[in-house]
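Comments concern the structure below.
Chain A is the first sequence line, chain B the second, and so forth, proteins listed ahead of strands; every chain is numbered from 1.
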Amino acid sequence: MNEREPGAAAETAPSESDLLRNRRENLRRVGELGLPTTAFRFPVDATVSEIRERYAGIDAERLESGKPAVVTAGRVLALRTAGKAGFLDLSDGRTRVQVYLRRDAVGDAAFELYRALDLGDWIGVEGEVFRTRTGELSVKAQRLSLLAKCWRPLPEKWHGLKDVESRYRQRYLDLAVNPDSRAVFERRAAIVRHIRAFLEARGYLEVETPMMQPIAGGAVARPFVTHHNALDLPLYLRIAPELYLKRLVVGGMPRVYEINRNFRNEGISTQHNPEFTMLEFYQAYAEAKDLVQLTEELLSGLAVAVTGSAQTPWSGATLDWTPPFKRLTMRDAVVAFSKEDPRGEIRREDLAREEGLLAAAERYEVDAPERFRGRKGKLLAEVFEAVAESHLVQPTFIEEFPTEVSPLSRQRPDDPEWVDRFELYAGGMEIANGFSELNDPEEQALRFRRQAEERERGDLEATAYDADYVEALEYGLPPTAGEGLGIDRLTMLLTDSHSIRDVILFPLMRPRT
RNA sequence: GGGCCGUUAGCUCAGCUGGUUAGAGCAUCGGCCUUUUAAGCCGGUGGUCCUGGGUUCGAGUCCCAGACGGCCCA
């Protein structure tokens, strides 16, 4: 066993290598039959899914009289031999169709090829569609081609690939054997497609703005830092496209949108991936409440378009996307949800005073609330998050945000402590954030200075002063409302997925050591 | 960052208070089978029990440290 003789490596190899060697041996057999072991192209005229759709309602007799011919291809996911005949399941990643082979129909060489197939091999099949005596839609093969060998064993046929780490690290295996996973990403694409069509129909122009920015603005978050060598310039991966999109509105593009990646150098969780996809859109001559209505229209139509219903499943419950969505002010939400919370009721008066807010923050275990002393707005936002967020399961707009936590929003004319802003929550997650845009350059400069002060006091999330953006505002931003909507979280909601990693093809993972 | 949980064959999982040579199903290998379908029947192969220390006559199992992952909290 431990003897090492020249050329005997295969004999001393561990078991996984046995599985690999068997596959290599099967490939060699195909070559010995004089058959191609690989292919450059294959003229598919019907995918597996198309075969299933096309012949779904056609019974055995009609198929027998018509003998419809198909040329199809896919991955072998099951093999069942039966003497001088055999079956295999061919997958296109969405669904499977059975292929039936008889030695007397395909000939000896093709049948030997069939016998040398391994699970996972890519094959091409020419044959006739028929139904077996149990009614199973099948393709009776006349020709069989090996298109590409699968050199490694695939996960098990019945349970699929369950190990979450492998599913994320080797997404190709997840997709190869778990059609549910494929369906999530198809739906994700459908969501983005629907959003584009919705906005295009309303005159929005899709644009692309910088992902690498000299100043990372437009949101409250820590950025990733990089460097441009030729310009010897520090750059940040964007945390939001906001300030560039509004520059476009200054430039006279009244309706713009962008669907693309943002990057935030923060923790990873079931709701956070360092890179994530946002829709941001801006509409001139509008204010926040116009976008509230637009959002309801977009999401209710979207739910119907991609799931077939305005009621969508969410961990055993149902989300109802029928407009109008619920509406609550931030303060009302805190008061209402704290009533039944064992951590104690918070009264409206508590929210008016700093001491009341600090006490509430303490009770609701906000991390180190003392650091927010002198910032009532920030404290309220923290308390809201701790008290209310998890309760906001049905789509709900939270309205009335403190100016202090909204450096880019327009104040309410009747009370400058508050801005004209909303956030949409669903499934206990924030999924959208919109507001009437601050278009007064002097006020914007003031807000930036306040943020800079916070930054100096150690708040690494505070936004930096962006003089170039203030200058743009000086050329005049028309009254405008804008909104950001998280595509990943929206996809989670519409696919009943409870981790953001389940809706991102390749979520960030620590490299395997 | 903190707490809890997990890591055993290619995959999905058992493995009790430490005690024979670590098991099952699927996959794989050999044989039989021309409408099977989680095909079936007969017979085999396959293990860095995550890693490194420690306790013990004896460790997959207990202890410590670490790696990776999951969930919850922040």
Side-chain angles (χ1 to χ4, degrees), chain A residues 1 10-26 29 60 63-64 76-91 95-108 111 114-121 127-141 150-170 173-174 176-178 266-272 315 343 361-362 364-369 371 382-383 385-386 389-390 428 461 498-502 507-513:
Chain A
M1 186 73 175
E11 265 129 311
T12 59
S15 71
E16 186 181 350
S17 293
D18 289 345
L19 296 173
L20 304 192
R21 201 181 51 224
N22 291 335
R23 285 168 178 260
R24 199 179 285 259
E25 175 62 18
N26 279 335
R29 263 181 230 163
L63 288 173
E64 188 52 40
V76 177
L77 287 188
L79 286 162
R80 293 179 293 277
T81 61
K84 297 184 183 63
F87 300 84
L88 61 83
D89 288 349
L90 193 63
S91 166
T95 185
R96 302 180 183 195
V97 72
Q98 175 171 266
V99 175
Y100 175 52
L101 297 99
R102 299 167 56 117
R103 176 162 229 142
D104 55 13
V106 296
D108 289 347
F111 197 72
Y114 166 73
R115 303 233 300 182
L117 289 177
D118 286 298
L119 296 183
D121 287 353
E128 291 167 359
V129 179
F130 78 112
R131 283 188 189 276
T132 64
R133 63 169 71 126
T134 57
E136 175 83 19
L137 188 71
S138 307
V139 176
K140 194 177 292 177
C150 178
W151 293 72
R152 289 175 171 276
L154 242 40
E156 199 228 6
K157 62 180 177 184
W158 188 244
H159 298 92
L161 183 64
K162 290 189 132 174
D163 179 66
V164 282
E165 185 174 351
S166 304
R167 289 185 48 230
Y168 300 151
R169 286 192 195 277
Q170 294 177 279
L173 290 181
D174 180 38
V177 301
N178 297 334
E266 296 174 347
I268 294 176
S269 80
T270 47
Q271 292 172 38
H272 299 86
S315 54
R343 291 170 292 187
E362 203 71 59
Y364 278 82
E365 289 163 2
V366 170
D367 187 37
R371 69 194 155 124
E382 292 281 334
V383 169
E385 209 177 294
E389 189 168 19
S390 63
E461 291 187 339
H498 292 263
S499 171
I500 198 168
R501 294 181 204 97
D502 291 329
L508 185 70
M509 305 282 280
R510 200 182 283 274
R512 247 186 320 204
T513 45

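Proximity note for A:Glu136 (side chain, C-beta onward) versus B:U34, B:G70, B:U37: the nearest is B:U37. Residue A:Pro155 has its side chain nearest to B:C11 when only B:C33, B:C11, B:U12 are considered. Checked against B:U12, B:G69, B:G70, the side chain of A:Arg169 finds its nearest nucleotide in B:G69. The side chain of A:Leu119 sits closest to B:A27 out of B:C71, B:C29, B:A27. Among the nucleotides B:C29, B:U36, B:U34, the one closest to the side chain of A:Phe87 is B:U36. Comparing B:A74, B:G70, B:U12 by their closest approach to the side chain of A:Arg501 singles out B:G70. Comparing B:A27, B:U34, B:C26 by their nearest atom to the side chain of A:Leu19 picks out B:A27. Closest to the side chain of A:Val164, out of B:U28, B:U35, B:G70, is B:G70. Of the listed nucleotides (B:U37, B:C29, B:A38), B:U37 has the atom at the smallest distance from the side chain of A:Thr134. Of the candidates B:G69, B:U34, B:U35, B:U34 carries the atom nearest the A:Ala85 side chain, counting heavy atoms from C-beta on.
When Watson-Crick and G-U wobble pairs are counted only if both distances are under 3.5 Å, B:G46 pairs with no nucleotide at all. Across all strands shown, B:G60 forms no Watson-Crick or G-U wobble pair with both distances under 3.5 Å. Checking B:G18 for Watson-Crick or G-U wobble geometry (two distances, each under 3.5 Å) identifies no partner in any strand. In this entry B:C71 has B:G3 as its Watson-Crick or G-U wobble partner, both defining distances falling under 3.5 Å. In this structure, B:G10 forms a base pair with B:C26, meeting either the Watson-Crick or the G-U wobble geometry with both donor-acceptor distances under 3.5 Å.
Going from atom CG of A:Asp163 over to atom C1' of B:G10 covers 13 Å, rounded to whole Å. The CG-C1' distance, from A:Leu79 to B:G40, rounds to 16 Å in whole Å. Rounded to whole angstrom, the span from the CG atom of A:Leu88 across to the C1' atom of B:A38 amounts to 16 Å. Atom NE2 of A:His159 is separated from atom P of B:G10 by 17 Å (rounded to the nearest Å). Note: CD (A:Glu156) to C1' (B:A27) measures 8 Å, nearest angstrom. Between A:Glu385 atom CD and B:C73 atom P the separation is 12 Å, expressed in whole Å. Put simply, OH on A:Tyr168 is 11 Å from C1' on B:C71, counting in whole angstrom units. In this structure, A:Ile268 places its CD1 atom 11 Å from P of B:G1, rounding to the nearest Å.
A distance of 9.0 Å separates CD1 of A:Ile268 from CE of A:Met509, quoted to the nearest 0.5 Å. The line from CG of A:Leu117 to CG of A:Leu79 is 6.0 Å long, rounded to the nearest 0.5 Å. Atom CG of A:Leu90 sits about 8.0 Å away from atom CG of A:Leu77, to the nearest 0.5 Å.
Across B:C4 and B:C41, the matching C1' atoms stand 48 Å from one another, rounded to whole Å. As rounded to the nearest Å, B:C64 and B:C5 have P atoms that lie 12 Å from one another. Taking atom P on both B:C13 and B:A59, the two are 29 Å apart, rounded to the nearest angstrom. A gap of 13 Å separates the P atoms of B:U51 and B:U7, to the nearest Å. Spacing of C1' atoms, B:G3 relative to B:C49, comes out at 27 Å, to the nearest Å. The gap from the P atom of B:A38 to that of B:A74 amounts to 47 Å, rounded to the nearest Å. A gap of 48 Å separates the P atoms of B:U20 and B:U35, to the nearest Å. Straight-line distance between the C1' atoms of B:A9 and B:G15: roughly 14 Å, to the nearest whole Å.
Between the side chain of A:Ser499 and the base of B:C71, no donor-acceptor pair of N or O atoms lies under 3.5 Å. A donor-acceptor contact under 3.5 Å is not formed by the side chain of A:Asp118 with the base of B:U28. Between the side chain of A:Arg133 and the base of B:U35, no donor-acceptor pair of N or O atoms lies under 3.5 Å. The base of B:U36 sits with one of its N or O atoms less than 3.5 Å from a complementary donor or acceptor on the side chain of A:Thr132.
Taking the ring centre of A:Phe130 as origin, the terminal cationic atom of A:Lys140 falls inside the region bounded by 6.0 Å and 45° from the ring axis.
A:Gly86 comes within 4.0 angstrom of nothing in the nucleic acid, heavy atoms only. Within the nucleic acid shown, A:Asp89 has no heavy atom closer than 4.0 Å to any nucleic acid atom. Counting non-hydrogen atoms under 4.0 angstrom, A:Arg167 reaches nothing in the nucleic acid. A:Lys84 comes within 4.0 angstrom of a nucleotide base, judged by non-hydrogen atoms across all strands. Using a 4.0 Å heavy-atom cutoff across all strands shown, A:Arg96 reaches no nucleic acid atom at all.
Distances shown here put every side-chain N or O of A:Asn22 at or beyond 4.0 Å from the OP1 or OP2 atom of B:A27. Contact between the side-chain N/O atoms of A:Arg510 and the OP1/OP2 oxygens of B:C68 is found at a separation under 4.0 Å. The phosphate of B:G10 (OP1 or OP2) has no side-chain N or O of A:Arg23 nearer than 4.0 angstrom. Using a 4.0 Å cut-off, some side-chain N or O of A:Thr270 falls inside it from OP1 or OP2 of B:C72. In terms of phosphate contacts, A:Arg152 brings no side-chain nitrogen or oxygen within less than 4.0 Å of OP1 or OP2 of B:U28.
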* **Step-by-step salt bridge (Lys or Arg N to Asp or Glu O under 4.0 Å) determination, A:Arg103 to A:Asp108** => CA-CA 6 Å; A:Arg103 176 162 229 142; A:Asp108 289 347; 3.2 Å; yes

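A donor-acceptor pair shorter than 3.5 Å can be found between the side chains of A:Asp502 and A:Tyr168. With hydrogens and angles left out, the side-chain atoms of A:Arg29 and A:Asn26 include a donor and acceptor closer than 3.5 Å.
With RNA chain B read from its 5' end, the first of the two nearest nucleotides for A:Tyr364 and A:Ala78 is the one closest to A:Ala78. With the nearest nucleotide of RNA chain B identified for both A:Trp158 and A:Glu165, A:Trp158 has the one nearer the 5' end.
Side-chain atoms of A:Thr134 never come within 3.5 Å of backbone atoms of A:Thr132 as a donor-acceptor pair (strictly under, hydrogens ignored).
In this structure, A:Val76 and A:Asp118 have side chains that are not in contact, with every pair of non-hydrogen atoms separated by 4.5 Å or more.
Taking all atoms of both residues into account, the shortest heavy-atom contact from A:Cys150 to A:Arg23 is O-NH1, 3.0 Å.
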